[in-house]
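Let me begin by presenting the structure, written as structure tokens, before commenting on it.
Below, chain A is the first sequence line, B the second, and so on; all start at residue 1.
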Protein chains: 4
Amino acid sequence: MSKIQKNKKEKESSLYAAAYDLFTTKGIHNTAISDIVKKAGVAKGTFYLYFKDKYDVLDKIILDKSTEILSLAINKTNLKQFLSFEEKLFYFINCIIEYLKENKLLLKLIYKNLSWGVIKKACKDYKEINEIFYMFEEGFKDLDREEVEKILFMIIEITGSVCYSCIVLNEPTDIDEMKPILFETIKKII
Amino acid sequence: MSKIQKNKKEKESSLYAAAYDLFTTKGIHNTAISDIVKKAGVAKGTFYLYFKDKYDVLDKIILDKSTEILSLAINKTNLKQFLSFEEKLFYFINCIIEYLKENKLLLKLIYKNLSWGVIKKACKDYKEINEIFYMFEEGFKDLDREEVEKILFMIIEITGSVCYSCIVLNEPTDIDEMKPILFETIKKII
Amino acid sequence: MSKIQKNKKEKESSLYAAAYDLFTTKGIHNTAISDIVKKAGVAKGTFYLYFKDKYDVLDKIILDKSTEILSLAINKTNLKQFLSFEEKLFYFINCIIEYLKENKLLLKLIYKNLSWGVIKKACKDYKEINEIFYMFEEGFKDLDREEVEKILFMIIEITGSVCYSCIVLNEPTDIDEMKPILFETIKKII
Amino acid sequence: MSKIQKNKKEKESSLYAAAYDLFTTKGIHNTAISDIVKKAGVAKGTFYLYFKDKYDVLDKIILDKSTEILSLAINKTNLKQFLSFEEKLFYFINCIIEYLKENKLLLKLIYKNLSWGVIKKACKDYKEINEIFYMFEEGFKDLDREEVEKILFMIIEITGSVCYSCIVLNEPTDIDEMKPILFETIKKII
DNA sequence: AATGAATGAGCTTTCATTCAT
DNA sequence: CATGAATGAAAGCTCATTCAT
């Protein structure tokens with residue numbers, strides 16, 4: 001990579017990082033592009049060389065971070081051996097929950113903007129994420145892909161919404177108290 | 001009610017209605033207070049006699065509409081006789097789903113802003129909503145209030161997030177195709 | 001005075017008092033008529049029955065309070081016996097200074113809006129104030145009215161501006177440290 | 001200076017000039033920022049690139065113009081030779097008075113907002129102004145700095161307030177009629 | 001490619017004033 | 001006389017976007 005190309009990547013990264021920082025701490029609504037460029041240490045016009053607008057960076061952040069979470073969880077899971085699919089799935093889900101517990105601000109940012117569509121896009125673009133599907137297909141050998149997808153969707157949805165409510169809002173209680181019933185529910189789903 | 005009082009209520013209602021209309025069709029972000037007052041046919045200053053800002057109306061709308069949905073569903077449910085708690089619950093949940101299917105824009109508006117906290121507030125303020133708790137307590141006679149609340153939370157969360165994804169985004173499929181697995185999940189939860 | 005007339009006077013006084021309170025604490029610029037009527041406990045429209053606008057009340061306050069200060073000082077002075085005009089004048093000036101020291105907020109309010117014209121108006125309308133002129137004419141028997149007025153003007157101006165600077169702004173020092181040189185100056189003027 | 005830097009200075013100056021013009025002719029209260037930018041021929045946003053708000057420009061104007069007046073007077077004074085400190089001081093004060101006579105609107109604008117603090121700031125920032133202090137220290141060789149400052153303060157205060165009253169309000173008479181007694185007073189002070 | 005001064009549309013909010021009750 | 005809801009002009013201020021350098 002040439003020096004110029006490297007410089008470009010650096011500008012983009014610093015804009016991205018600044019936007020992430022501001023979105024999570026001040027909120028999307030309260031973050032102006034002038035805030036982002038100031039934090040990134042670049043000129044205003046430079047922003048428009050790399051992003052269309054505020055929501056363009058946001059979309060990239062959401063896709064990126066969602067991918068990262070799932071990727072971390074699946075990688076960690078694949079390092080271990082499990083006696084059953086259930087055990088493996090629980091470990092995987094727990095990785096996600098623990099990550100979100102540590103990254104409350106990130107959870108707050110992405111959840112309201114995360115959709116099944118984003119996850120499917122992540123699956124298409126990143127091989128590792130697709131391994132989640134393999135894991136599920138292995139667990140439900142007698143079901144067709146569509147059914148498996150629905151089950152995965154249900155589990156992700158319920159995990160996501162419970163995490164958001166418990167971790168971000170502390171409602172109806174904290175996540176550790178909710179975990180037993182969440183896992184029991186997932187157990188019943190599969 | 002005096003003529004003035006009636007007039008006041010009318011102004012407030014027309015502002016509320018205009019805001020609801022614009023929020024659902026154009027989105028919150030794209031709706032300016034000047035749009036709201038124009039649509040409501042009142043002066044700009046009048047808005048500030050009744051609401052603090054845009055988000056003040058929004059909060060009122062969310063609380064109101066959430067209450068309305070739950071209220072409608074529980075009232076409809078209470079008109080019928082059921083053989084079992086499960087049957088009753090399914091009917092109740094189905095009422096909500098069918099309502100949301102018919103009011104896609106409303107769902108889009110409130111879901112991302114709805115929280116368990118709002119629902120609990122609705123329960124406190126409106127007797128009818130509290131009947132949902134009675135229904136659940138009757139269904140789970142051997143559990144304490146806290147446990148019952150967690151189950152109710154799980155069911156509402158999963159119903160809400162599935163509805164949002166399927167009805168608003170059509171992901172991963174439409175709500176009718178998702179219903180069987182949703183109900184099966186709920187059945188397993190209880 | 002009839003009950004109705006009494007009621008009217010009460011409304012006016014409460015508006016006046018509220019305005020005075022707000023002007024001194026929040027400043028004229030930051031006080032709206034709606035603040036005044038709220039504090040006075042009357043309706044907005046009522047304000048316009050008694051005053052033209054914000055500055056109308058202000059003018060009344062300035063005239064009133066200026067008169068009050070001068071009136072208090074001259075009355076207090078007239079209760080005593082003095083060996084010389086100088087002694088009498090110093091006592092009189094000191095009364096004003098001590099009063100302003102105790103009413104810093106009032107000083108802040110009126111000084112910037114006080115003028116020689118206001119004082120002359122006060123003299124015309126209130127007999128007591130005119131006694132200040134008598135005092136001076138007695139002190140300068142060989143000068144004509146015009147010359148006496150100039151001297152009085154000089155003394156009032158210098159006292160007022162020194163008080164404002166020292167009491168309100170504490171510049172260049174506090175009033176007690178400035179008093180010696182102020183009195184010395186006045187002594188030299190007469 | 002680059003073209004851009006020159007352009008920037010020009011914008012700022014035109015805003016400053018427009019504000020000065022409007023403040024003196026229409027008053028601060030009656031001048032809106034939109035008036036200033038219209039007169040300056042720049043966009044509204046440009047105003048906020050250079051000033052925080054209306055009062056920010058005002059502060060700059062007051063500091064600037066006060067400095068200018070004092071600077072002009074001291075420079076003019078330093079060009080001449082005098083037989084005594086008194087003569088020198090009278091010449092200096094007279095320069096100020098004559099300037100204010102010619103700039104009635106400026107006097108009206110700054111006097112009510114001028115304070116000893118502003119003058120001291122001007123002294124710190126501009127070497128020339130400090131020469132006023134040198135002049136005084138030379139005149140009062142036997143007094144310490146603090147005492148000299150008090151005397152200077154008294155003279156400036158009395159000159160300022162007499163000028164304001166006589167030039168702006170024509171009370172109690174015009175400045176030329178007041179001059180003899182003013183100078184006599186100053187003479188007695190020193 | 002990068003800059004950042006300049007723009008001006010458009011937002012929120014205030015508030016003096018009116019007038020039907 | 002008194003009220004206070006309603007008005008709407010006009011204020012302050014923001015900020016995405018452009019474009020000459």
Side-chain angles (χ1 to χ4, degrees), chain A residues 3-5 7-8 10-12 15 30-38 41-56, chain B residues 2-12 15 29-38 40-55, chain C residues 3-5 7-8 11-12 30-38 41-55, chain D residues 2-12 15 29-38 41-55:
Chain A
K3 204 175 164 185
I4 283 176
Q5 290 239 313
N7 198 5
K8 271 181 67 179
E10 252 168 38
K11 301 248 165 189
E12 187 175 349
L15 280 166
N30 293 314
T31 300
I33 286 167
S34 60
D35 296 329
I36 298 172
V37 295
K38 203 183 292 164
V42 300
K44 232 177 199 170
T46 308
F47 181 90
Y48 294 93
L49 295 174
Y50 297 100
F51 304 102
K52 213 181 113 282
D53 55 31
K54 198 159 81 170
Y55 301 100
D56 188 23
Chain B
S2 78
K3 200 173 167 186
I4 281 178
Q5 290 291 317
K6 219 166 135 185
N7 205 337
K8 272 180 70 174
K9 261 275 162 278
E10 250 167 41
K11 299 258 159 171
E12 188 176 349
L15 281 165
H29 186 73
N30 294 313
T31 300
I33 284 163
S34 56
D35 297 329
I36 298 172
V37 296
K38 206 183 289 165
V42 300
K44 224 178 219 172
T46 308
F47 180 90
Y48 293 93
L49 292 177
Y50 297 100
F51 306 102
K52 212 179 116 285
D53 56 30
K54 204 159 79 169
Y55 301 100
Chain C
K3 204 174 164 185
I4 284 175
Q5 291 237 315
N7 198 6
K8 270 179 69 178
K11 300 247 166 191
E12 188 176 347
N30 293 314
T31 299
I33 286 168
S34 60
D35 296 329
I36 298 172
V37 295
K38 205 183 288 162
V42 301
K44 232 177 199 170
T46 308
F47 181 91
Y48 293 93
L49 295 174
Y50 298 100
F51 304 102
K52 211 182 117 281
D53 56 30
K54 201 160 77 171
Y55 301 100
Chain D
S2 79
K3 198 173 166 186
I4 281 178
Q5 291 290 319
K6 218 167 136 188
N7 205 338
K8 271 180 73 175
K9 261 279 163 275
E10 249 168 42
K11 298 258 161 175
E12 188 176 348
L15 280 166
H29 185 72
N30 293 315
T31 300
I33 285 162
S34 57
D35 297 330
I36 298 172
V37 295
K38 206 181 289 163
V42 301
K44 221 181 222 171
T46 308
F47 179 90
Y48 293 95
L49 291 177
Y50 297 99
F51 306 102
K52 214 181 113 285
D53 55 31
K54 203 159 76 170
Y55 302 100

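- Applying the Watson-Crick and G-U wobble criteria (two distances, each under 3.5 Å), F:dC13 pairs with E:dG10.
- The two residues A:Val37 and A:Leu15 have their closest heavy-atom pair at CG1-CD2, 4.0 Å.
- Note: NZ (C:Lys11) to C1' (F:dG4) measures 13 Å, nearest angstrom.
- B:Leu49 comes within 4.0 angstrom of a nucleotide base, judged by non-hydrogen atoms across all strands.
- Atom OG of D:Ser34 is separated from atom NZ of D:Lys44 by 5.0 Å, given to the nearest 0.5 angstrom.
- Atom C1' of nucleotide F:dA11 and atom OH of B:Tyr48 are separated by 13 Å, given to the nearest angstrom.
- In this structure, B:Ile4 and A:Gly41 both approach DNA chain E, and ranking their closest nucleotides by distance from the 5' end singles out A:Gly41.
- In this structure, D:Phe47 reaches neither bases nor backbone, as no heavy-atom distance under 4.0 Å exists between it and the strands shown.
- Note: CD1 (D:Ile33) to C1' (E:dT7) measures 16 Å, nearest angstrom.
- For D:Ala32, whose side chain is taken as the heavy atoms from C-beta onward, the closest listed nucleotide among E:dT17, F:dA16, F:dA11 is F:dA11.
- Here the nucleotide nearest the side chain of C:Lys54, chosen from E:dC11, E:dA16, F:dT7, is E:dA16.
- At a threshold of 4.0 angstrom between heavy atoms, the contacts of C:Val37 with the nucleic acid are absent.
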Table please: side-chain donor-acceptor pairs of residues 46-56 of chain A below 3.5 Å, with sequence neighbours left out.
| unit_1 | atom_1 | unit_2 | atom_2 | d |
| --- | --- | --- | --- | --- |
| A:Thr46 | OG1 | A:Ala43 | O | 3.4 |
| A:Asp53 | OD1 | A:Tyr55 | N | 3.0 |
| A:Asp53 | OD1 | A:Asp56 | N | 3.1 |
| A:Lys54 | NZ | A:Ile28 | O | 3.2 |
| A:Lys54 | NZ | A:Thr31 | O | 3.1 |
| A:Asp56 | OD1 | A:Lys60 | NZ | 3.4 |
| A:Asp56 | OD2 | A:Lys52 | N | 2.8 |

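- Both distances falling under 3.5 Å, in either a Watson-Crick or a G-U wobble arrangement, place E:dA20 opposite F:dT3.
- Of the two residues contacting DNA chain E, namely B:Thr46 and D:Asn7, the nearest-nucleotide position lying further toward the 5' end is that of D:Asn7.
- In this structure, D:His29 places its NE2 atom 9 Å from P of E:dA16, rounding to the nearest Å.
- The nearest whole Å value for the distance from the NZ atom in A:Lys44 to the C1' atom in E:dA5 is 9 Å.
- As judged by a 4.0 angstrom heavy-atom cut-off over every strand, A:Tyr50 is placed among residues touching the sugar-phosphate backbone only.
- For C:Lys52 and E:dT18, the NZ to P distance is 11 Å, given to the nearest whole Å.
- In this structure, D:Lys6 places its NZ atom 15 Å from P of E:dA6, rounding to the nearest Å.
- Between the CG atom of A:Asp56 and the P atom of F:dT17 there is a distance of 11 Å, given to the nearest Å.
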